[in-house]
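Below is one structure, written out as C-alpha coordinates, with a few remarks after it.
Every value quoted in this text rests on a predicted model; they were computed, and no experiment measured them.
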Amino acid sequence: MNQSASEITVTPARDYGNEVGQGWPGVVAPAPGELLSSWLHRLAMANGIPPQYFGRVLDVAVGDWSAKLDRDLPGRILSLLVERTRLPAEEIDGLALHRDPLARLRLRQITGSGDARTSTARVNRLQYCPACLKEDRAPFFRRGWSLATRVSCFRHGCRLRDHCPACGGGIAPARQNRLLPQHFCVWCDADLRKPTLPAEYDVQRLERLIDDLLRMHVAGHGRHGKTSLPAMLGAACFTFNGQPTSISRLPHRVRYALFRQLADGMTHLQKRSVHPAIYLWTRIALAAPKHSDLVASLSAEITLQITPGPKTRSRHPDLADLQQVIVRLHSNRRTSLATAMPAH
(Lines give C-alpha, C1' and ligand atoms only; values in the text may rest on other atoms or scores of the structure.)
Protein backbone atom coordinates (compact mmCIF):
# COMPACT_ATOMS: atom_id res chain seq x y z
CA MET A 1 0.00 0.00 0.00
CA ASN A 2 1.33 3.43 -1.00
CA GLN A 3 0.08 6.61 0.64
CA SER A 4 0.51 10.17 -0.59
CA ALA A 5 -1.11 13.50 0.19
CA SER A 6 -3.61 13.08 -2.63
CA GLU A 7 -4.39 9.39 -2.85
CA ILE A 8 -3.96 5.90 -1.47
CA THR A 9 -3.18 3.04 -3.85
CA VAL A 10 -3.37 -0.63 -2.98
CA THR A 11 -1.10 -3.18 -4.67
CA PRO A 12 -2.29 -6.78 -4.38
CA ALA A 13 0.27 -9.14 -2.84
CA ARG A 14 1.30 -12.33 -4.58
CA ASP A 15 -1.04 -15.20 -3.94
CA TYR A 16 0.37 -17.48 -1.22
CA GLY A 17 -0.87 -20.59 -2.96
CA ASN A 18 0.92 -19.65 -6.17
CA GLU A 19 4.11 -18.99 -4.24
CA VAL A 20 4.34 -22.23 -2.27
CA GLY A 21 2.10 -24.48 -4.37
CA GLN A 22 0.86 -27.48 -2.40
CA GLY A 23 3.89 -27.51 -0.09
CA TRP A 24 3.78 -26.85 3.62
CA PRO A 25 5.53 -23.67 4.80
CA GLY A 26 7.68 -25.53 7.30
CA VAL A 27 9.79 -28.54 6.28
CA VAL A 28 12.34 -30.28 8.50
CA ALA A 29 14.90 -32.76 7.23
CA PRO A 30 14.88 -36.18 8.91
CA ALA A 31 17.80 -36.73 11.26
CA PRO A 32 20.11 -39.72 10.64
CA GLY A 33 18.50 -42.84 12.08
CA GLU A 34 15.27 -41.05 12.99
CA LEU A 35 11.99 -42.91 13.39
CA LEU A 36 9.13 -41.87 11.08
CA SER A 37 6.79 -40.92 13.94
CA SER A 38 9.48 -38.71 15.48
CA TRP A 39 9.99 -36.85 12.20
CA LEU A 40 6.22 -36.43 11.75
CA HIS A 41 5.95 -34.87 15.23
CA ARG A 42 8.74 -32.39 14.42
CA LEU A 43 7.18 -31.69 11.03
CA ALA A 44 3.85 -30.93 12.71
CA MET A 45 5.40 -28.47 15.15
CA ALA A 46 7.38 -26.78 12.38
CA ASN A 47 4.04 -25.96 10.78
CA GLY A 48 2.46 -24.73 13.99
CA ILE A 49 0.30 -27.80 14.63
CA PRO A 50 0.58 -29.80 17.87
CA PRO A 51 1.25 -33.49 17.09
CA GLN A 52 -2.09 -34.56 18.62
CA TYR A 53 -3.95 -32.81 15.80
CA PHE A 54 -1.57 -33.54 12.92
CA GLY A 55 -3.14 -36.93 12.31
CA ARG A 56 -6.24 -35.14 11.07
CA VAL A 57 -4.13 -33.29 8.50
CA LEU A 58 -2.95 -36.66 7.19
CA ASP A 59 -6.49 -38.07 7.44
CA VAL A 60 -5.53 -40.85 9.84
CA ALA A 61 -7.12 -41.92 13.10
CA VAL A 62 -6.42 -39.88 16.22
CA GLY A 63 -4.71 -41.26 19.32
CA ASP A 64 -1.32 -42.77 18.61
CA TRP A 65 -1.67 -42.23 14.89
CA SER A 66 2.06 -41.86 14.24
CA ALA A 67 2.97 -45.20 15.87
CA LYS A 68 0.62 -46.93 13.44
CA LEU A 69 2.30 -45.20 10.49
CA ASP A 70 5.69 -46.43 11.73
CA ARG A 71 4.56 -49.99 11.05
CA ASP A 72 2.17 -49.42 8.15
CA LEU A 73 2.72 -46.39 5.92
CA PRO A 74 -0.05 -46.34 3.26
CA GLY A 75 0.91 -45.22 -0.23
CA ARG A 76 -1.59 -42.34 -0.19
CA ILE A 77 -0.01 -40.84 2.93
CA LEU A 78 3.50 -41.31 1.55
CA SER A 79 2.42 -39.51 -1.64
CA LEU A 80 0.89 -36.69 0.41
CA LEU A 81 4.08 -36.25 2.46
CA VAL A 82 6.20 -36.21 -0.69
CA GLU A 83 3.91 -33.61 -2.29
CA ARG A 84 3.80 -31.33 0.77
CA THR A 85 7.46 -31.60 1.84
CA ARG A 86 9.13 -32.13 -1.57
CA LEU A 87 11.39 -34.74 0.02
CA PRO A 88 12.21 -37.94 -1.92
CA ALA A 89 9.78 -40.79 -1.38
CA GLU A 90 12.68 -43.17 -0.64
CA GLU A 91 13.91 -40.93 2.18
CA ILE A 92 10.51 -40.76 3.87
CA ASP A 93 9.68 -44.43 3.33
CA GLY A 94 13.06 -45.39 4.80
CA LEU A 95 12.07 -43.91 8.17
CA ALA A 96 9.21 -46.39 8.65
CA LEU A 97 9.43 -49.91 10.03
CA HIS A 98 7.32 -51.74 7.47
CA ARG A 99 9.08 -54.37 5.37
CA ASP A 100 11.45 -54.61 8.31
CA PRO A 101 13.52 -57.83 8.71
CA LEU A 102 13.64 -57.14 12.46
CA ALA A 103 9.89 -56.62 12.85
CA ARG A 104 9.49 -59.49 15.34
CA LEU A 105 11.84 -57.72 17.76
CA ARG A 106 10.30 -54.24 17.58
CA LEU A 107 8.53 -53.08 20.72
CA ARG A 108 4.77 -53.65 20.58
CA GLN A 109 1.91 -51.32 21.39
CA ILE A 110 0.28 -52.11 24.71
CA THR A 111 -2.86 -51.02 26.56
CA GLY A 112 -2.83 -48.69 29.52
CA SER A 113 0.86 -47.74 29.53
CA GLY A 114 0.14 -44.01 29.40
CA ASP A 115 -1.73 -42.05 32.04
CA ALA A 116 -3.74 -44.93 33.52
CA ARG A 117 -5.95 -42.49 35.45
CA THR A 118 -7.44 -40.91 32.34
CA SER A 119 -6.76 -43.17 29.37
CA THR A 120 -7.10 -46.80 28.41
CA ALA A 121 -6.19 -46.30 24.75
CA ARG A 122 -3.25 -48.05 23.17
CA VAL A 123 0.00 -46.19 23.75
CA ASN A 124 3.15 -46.82 21.77
CA ARG A 125 5.91 -48.15 24.00
CA LEU A 126 8.85 -45.90 23.16
CA GLN A 127 12.22 -46.04 24.85
CA TYR A 128 14.99 -43.49 24.62
CA CYS A 129 18.39 -42.36 25.87
CA PRO A 130 18.16 -39.18 27.99
CA ALA A 131 21.76 -38.26 27.16
CA CYS A 132 21.08 -38.43 23.41
CA LEU A 133 17.97 -36.25 23.74
CA LYS A 134 20.00 -33.75 25.75
CA GLU A 135 22.65 -33.55 23.02
CA ASP A 136 20.11 -33.12 20.20
CA ARG A 137 19.54 -29.63 18.92
CA ALA A 138 15.98 -30.78 18.16
CA PRO A 139 15.29 -33.92 20.24
CA PHE A 140 14.24 -36.92 18.16
CA PHE A 141 13.64 -40.65 18.64
CA ARG A 142 15.90 -43.20 16.95
CA ARG A 143 14.86 -46.31 15.02
CA GLY A 144 17.36 -48.37 17.01
CA TRP A 145 15.52 -47.58 20.24
CA SER A 146 12.46 -49.45 18.97
CA LEU A 147 14.28 -52.80 19.24
CA ALA A 148 13.35 -54.88 22.27
CA THR A 149 16.90 -56.23 22.35
CA ARG A 150 18.28 -52.76 23.05
CA VAL A 151 18.40 -51.85 26.74
CA SER A 152 21.30 -49.38 26.80
CA CYS A 153 22.81 -46.60 24.71
CA PHE A 154 25.87 -47.72 22.79
CA ARG A 155 27.07 -44.11 22.63
CA HIS A 156 26.78 -43.12 26.28
CA GLY A 157 26.78 -46.49 28.06
CA CYS A 158 23.68 -45.61 30.09
CA ARG A 159 20.39 -47.44 30.39
CA LEU A 160 17.45 -46.55 28.18
CA ARG A 161 14.10 -45.47 29.64
CA ASP A 162 10.49 -46.02 28.49
CA HIS A 163 8.57 -43.85 30.96
CA CYS A 164 8.53 -40.36 32.42
CA PRO A 165 10.98 -40.09 35.35
CA ALA A 166 8.55 -37.77 37.18
CA CYS A 167 5.05 -39.25 36.79
CA GLY A 168 5.86 -42.70 35.42
CA GLY A 169 3.60 -42.23 32.39
CA GLY A 170 4.31 -43.83 29.05
CA ILE A 171 6.16 -41.95 26.29
CA ALA A 172 3.49 -40.75 23.84
CA PRO A 173 4.65 -37.73 21.78
CA ALA A 174 1.69 -38.16 19.41
CA ARG A 175 -0.61 -37.00 22.24
CA GLN A 176 1.16 -33.67 22.73
CA ASN A 177 -1.50 -30.95 22.38
CA ARG A 178 0.89 -28.01 22.59
CA LEU A 179 3.90 -26.82 20.62
CA LEU A 180 6.52 -28.37 22.89
CA PRO A 181 9.63 -30.35 21.90
CA GLN A 182 9.58 -34.11 22.27
CA HIS A 183 11.64 -34.17 25.46
CA PHE A 184 8.66 -33.00 27.54
CA CYS A 185 6.24 -35.50 29.06
CA VAL A 186 2.75 -35.20 27.56
CA TRP A 187 1.16 -36.05 30.93
CA CYS A 188 2.98 -33.80 33.41
CA ASP A 189 5.30 -31.55 31.31
CA ALA A 190 8.39 -32.90 33.13
CA ASP A 191 11.73 -33.01 31.31
CA LEU A 192 12.37 -36.57 30.09
CA ARG A 193 16.13 -36.06 30.00
CA LYS A 194 16.87 -36.91 33.62
CA PRO A 195 19.99 -39.15 33.53
CA THR A 196 19.73 -42.91 33.93
CA LEU A 197 22.19 -45.24 35.63
CA PRO A 198 25.15 -46.73 33.72
CA ALA A 199 24.48 -50.11 32.15
CA GLU A 200 26.47 -53.00 33.60
CA TYR A 201 29.38 -54.30 31.57
CA ASP A 202 28.04 -57.85 31.23
CA VAL A 203 24.68 -56.56 30.04
CA GLN A 204 26.29 -54.37 27.39
CA ARG A 205 28.48 -57.25 26.23
CA LEU A 206 25.46 -59.51 25.70
CA GLU A 207 23.53 -56.69 24.06
CA ARG A 208 26.34 -55.96 21.60
CA LEU A 209 26.64 -59.62 20.66
CA ILE A 210 22.93 -59.74 19.83
CA ASP A 211 23.28 -56.50 17.87
CA ASP A 212 26.18 -57.96 15.86
CA LEU A 213 24.15 -61.10 15.11
CA LEU A 214 21.19 -59.03 13.97
CA ARG A 215 23.42 -56.97 11.69
CA MET A 216 24.66 -60.15 10.04
CA HIS A 217 21.06 -61.33 9.67
CA VAL A 218 20.04 -58.08 7.95
CA ALA A 219 23.06 -58.34 5.62
CA GLY A 220 21.84 -61.77 4.48
CA HIS A 221 18.12 -60.98 4.61
CA GLY A 222 16.15 -62.53 1.78
CA ARG A 223 18.43 -65.52 1.21
CA HIS A 224 16.46 -68.71 0.68
CA GLY A 225 16.66 -71.51 3.19
CA LYS A 226 17.68 -69.28 6.09
CA THR A 227 15.78 -69.26 9.36
CA SER A 228 14.89 -65.78 10.57
CA LEU A 229 17.00 -64.90 13.60
CA PRO A 230 14.53 -62.22 14.84
CA ALA A 231 11.68 -64.74 14.58
CA MET A 232 13.68 -67.24 16.61
CA LEU A 233 14.58 -64.72 19.32
CA GLY A 234 11.04 -63.35 19.39
CA ALA A 235 9.50 -66.82 19.75
CA ALA A 236 10.99 -67.45 23.19
CA CYS A 237 8.80 -66.49 26.14
CA PHE A 238 9.79 -65.08 29.51
CA THR A 239 7.74 -64.99 32.70
CA PHE A 240 6.17 -61.57 33.32
CA ASN A 241 3.31 -61.07 35.81
CA GLY A 242 2.97 -64.83 35.96
CA GLN A 243 2.42 -65.16 32.20
CA PRO A 244 4.76 -66.27 29.40
CA THR A 245 5.51 -63.15 27.36
CA SER A 246 7.70 -62.45 24.33
CA ILE A 247 10.51 -59.94 24.74
CA SER A 248 8.84 -57.41 22.42
CA ARG A 249 6.05 -56.90 24.97
CA LEU A 250 8.20 -56.44 28.07
CA PRO A 251 8.88 -53.03 29.65
CA HIS A 252 12.45 -51.81 29.77
CA ARG A 253 13.04 -52.51 33.47
CA VAL A 254 12.05 -56.16 32.94
CA ARG A 255 14.15 -56.53 29.80
CA TYR A 256 17.18 -55.02 31.53
CA ALA A 257 16.77 -57.43 34.45
CA LEU A 258 16.37 -60.25 31.93
CA PHE A 259 19.65 -59.38 30.22
CA ARG A 260 21.39 -59.20 33.57
CA GLN A 261 20.07 -62.64 34.51
CA LEU A 262 21.01 -64.05 31.11
CA ALA A 263 24.53 -62.73 31.55
CA ASP A 264 24.68 -64.41 34.98
CA GLY A 265 23.19 -67.68 33.67
CA MET A 266 20.25 -67.46 36.08
CA THR A 267 17.25 -67.11 33.73
CA HIS A 268 14.60 -69.79 33.24
CA LEU A 269 12.93 -69.52 29.85
CA GLN A 270 9.33 -70.56 29.28
CA LYS A 271 9.01 -73.21 26.60
CA ARG A 272 6.74 -72.15 23.75
CA SER A 273 5.93 -73.88 20.49
CA VAL A 274 9.46 -73.46 19.13
CA HIS A 275 12.00 -75.08 21.45
CA PRO A 276 15.08 -74.05 19.37
CA ALA A 277 14.33 -70.41 20.31
CA ILE A 278 15.07 -71.17 23.94
CA TYR A 279 18.24 -73.00 22.97
CA LEU A 280 19.32 -70.05 20.83
CA TRP A 281 18.95 -67.53 23.69
CA THR A 282 20.95 -69.86 25.94
CA ARG A 283 23.76 -70.25 23.39
CA ILE A 284 23.98 -66.49 22.84
CA ALA A 285 24.16 -65.84 26.59
CA LEU A 286 26.91 -68.44 27.00
CA ALA A 287 28.86 -67.07 24.04
CA ALA A 288 28.76 -63.42 25.13
CA PRO A 289 31.75 -63.53 27.55
CA LYS A 290 33.98 -64.93 24.80
CA HIS A 291 32.58 -62.90 21.92
CA SER A 292 34.96 -59.94 22.20
CA ASP A 293 38.07 -62.11 22.48
CA LEU A 294 36.89 -64.29 19.60
CA VAL A 295 36.48 -61.35 17.23
CA ALA A 296 39.88 -59.94 18.18
CA SER A 297 41.60 -63.32 17.81
CA LEU A 298 39.97 -63.98 14.44
CA SER A 299 41.00 -60.56 13.13
CA ALA A 300 44.56 -61.05 14.35
CA GLU A 301 44.78 -64.53 12.83
CA ILE A 302 43.63 -63.30 9.43
CA THR A 303 46.10 -60.45 9.59
CA LEU A 304 49.01 -62.81 10.35
CA GLN A 305 48.14 -64.99 7.36
CA ILE A 306 48.40 -62.09 4.97
CA THR A 307 51.90 -61.70 3.54
CA PRO A 308 52.48 -58.13 2.38
CA GLY A 309 53.67 -58.07 -1.21
CA PRO A 310 55.55 -55.39 -3.13
CA LYS A 311 53.86 -52.04 -3.22
CA THR A 312 51.94 -51.67 -6.44
CA ARG A 313 49.27 -49.34 -7.62
CA SER A 314 45.90 -50.97 -7.24
CA ARG A 315 42.31 -49.86 -7.41
CA HIS A 316 41.39 -52.33 -4.64
CA PRO A 317 41.85 -51.65 -0.91
CA ASP A 318 44.69 -53.46 0.85
CA LEU A 319 43.21 -56.33 2.91
CA ALA A 320 45.93 -56.17 5.56
CA ASP A 321 45.20 -52.51 6.19
CA LEU A 322 41.50 -53.27 6.47
CA GLN A 323 42.16 -55.96 9.06
CA GLN A 324 44.32 -53.59 11.09
CA VAL A 325 41.44 -51.11 11.09
CA ILE A 326 39.05 -53.84 12.29
CA VAL A 327 41.38 -54.69 15.19
CA ARG A 328 41.69 -51.02 16.17
CA LEU A 329 37.93 -50.47 16.01
CA HIS A 330 37.30 -53.53 18.15
CA SER A 331 39.91 -52.38 20.66
CA ASN A 332 38.18 -49.00 20.87
CA ARG A 333 34.84 -50.74 21.47
CA ARG A 334 36.27 -52.77 24.36
CA THR A 335 37.80 -49.62 25.83
CA SER A 336 34.46 -47.76 25.65
CA LEU A 337 32.67 -50.65 27.34
CA ALA A 338 35.25 -50.82 30.10
CA THR A 339 34.95 -47.07 30.64
CA ALA A 340 31.15 -47.32 30.91
CA MET A 341 31.36 -50.12 33.51
CA PRO A 342 30.31 -48.78 36.94
CA ALA A 343 32.98 -48.68 39.62
CA HIS A 344 32.74 -51.23 42.42
Side-chain angles (χ1 to χ4, degrees), residues 31-35 37-42 44-45 50-52 64 66-67 70 106-110 112-119 123-204 207-208 211 240 247 249-260 336-337 339-344:
E34 186 168 15
L35 191 62
S37 56
S38 173
W39 174 68
L40 290 174
H41 302 155
R42 297 196 299 119
M45 291 186 289
Q52 179 175 333
D64 294 297
S66 58
D70 278 335
R106 300 290 180 183
L107 294 171
R108 305 297 181 189
Q109 286 186 313
I110 59 173
S113 66
D115 186 353
R117 297 166 299 178
T118 61
S119 174
V123 175
N124 190 34
R125 173 166 280 160
L126 282 174
Q127 59 181 5
Y128 66 95
C129 169
C132 286
L133 293 185
K134 192 170 185 178
E135 288 182 352
D136 293 340
R137 184 174 181 180
F140 67 95
F141 289 85
R142 279 72 165 165
R143 288 169 52 89
W145 294 342
S146 65
L147 282 172
T149 53
R150 292 290 293 274
V151 296
S152 73
C153 176
F154 289 175
R155 174 179 174 83
H156 299 101
C158 60
R159 304 180 191 182
L160 301 181
R161 178 186 285 135
D162 62 356
H163 62 276
C164 172
C167 71
I171 308 303
R175 300 193 175 200
Q176 181 59 260
N177 58 9
R178 289 180 291 167
L179 296 176
L180 293 176
Q182 297 187 88
H183 64 274
F184 288 104
C185 174
V186 300
W187 313 113
C188 70
D189 291 342
D191 194 326
L192 301 176
R193 299 174 298 179
K194 181 180 178 180
T196 56
L197 295 173
E200 297 176 44
Y201 175 75
D202 290 346
V203 170
Q204 292 184 76
E207 187 182 8
R208 285 183 179 275
D211 189 68
F240 177 59
I247 192 172
R249 298 183 182 276
L250 296 175
H252 174 269
R253 62 176 179 81
V254 176
R255 284 183 286 110
Y256 186 86
L258 168 66
F259 272 58
R260 187 168 55 192
S336 64
L337 282 176
T339 301
M341 182 173 60
H344 295 286

Mark yes or no for whether [X], through its side chain, and [Y], through its backbone, hold a donor-acceptor pair below 3.5 Å.
X: Q204; Y: V151; value: no
X: Y128; Y: L192; value: yes
X: D70; Y: S37; value: yes
X: T196; Y: R159; value: yes

Is the closest side-chain heavy-atom distance between [X] and [Y] below 4.5 Å?
X: P130; Y: P195; answer: no
X: Q176; Y: P50; answer: no
X: R260; Y: E200; answer: yes
X: P251; Y: F240; answer: yes
X: P51; Y: S66; answer: no
X: I247; Y: F259; answer: yes
X: D64; Y: R175; answer: yes

Spacing of [atom1] belonging to [X] relative to [atom2] belonging to [Y], to within rounding of 0.5 Å:
X: L197; Y: S152; atom1: CG; atom2: OG; answer: 12.5 Å
X: L107; Y: L126; atom1: CG; atom2: CG; answer: 8.0 Å
X: I171; Y: F141; atom1: CD1; atom2: CZ; answer: 6.0 Å
X: N177; Y: Q52; atom1: CG; atom2: CD; answer: 5.0 Å
X: D162; Y: L250; atom1: CG; atom2: CG; answer: 10.5 Å

Write down the atom of [X], the atom of [Y], and the distance for their closest heavy-atom approach.
X: W187; Y: G170; value: NE1-O, 2.9 Å
X: R161; Y: H163; value: CD-O, 2.9 Å
X: R106; Y: S146; value: NH1-OG, 2.7 Å
X: W145; Y: C129; value: CZ2-N, 3.5 Å

Sequence-distant partners of [X], salt bridge (Lys or Arg N to Asp or Glu O under 4.0 Å), two or more places apart:
X: R150; answer: E207
X: R255; answer: none
X: R193; answer: D191
X: R253; answer: none

Donor-acceptor list for residues 132-140 side chains, cut-off 3.5 Å, not counting sequence neighbours:
| residue | atom | partner | partner atom | Å |
| --- | --- | --- | --- | --- |
| E135 | OE1 | R155 | NE | 3.1 |
| E135 | OE1 | R155 | NH2 | 3.4 |
| E135 | OE1 | H156 | NE2 | 3.4 |
| E135 | OE2 | H156 | NE2 | 2.9 |
| D136 | OD1 | R142 | NH2 | 2.9 |
| D136 | OD2 | F140 | N | 3.3 |
| D136 | OD2 | R142 | NH1 | 2.6 |

With S38, which residues qualify under side-chain hydrogen bond (donor to acceptor under 3.5 Å, both in side chains), at least two apart?
E34, Q182
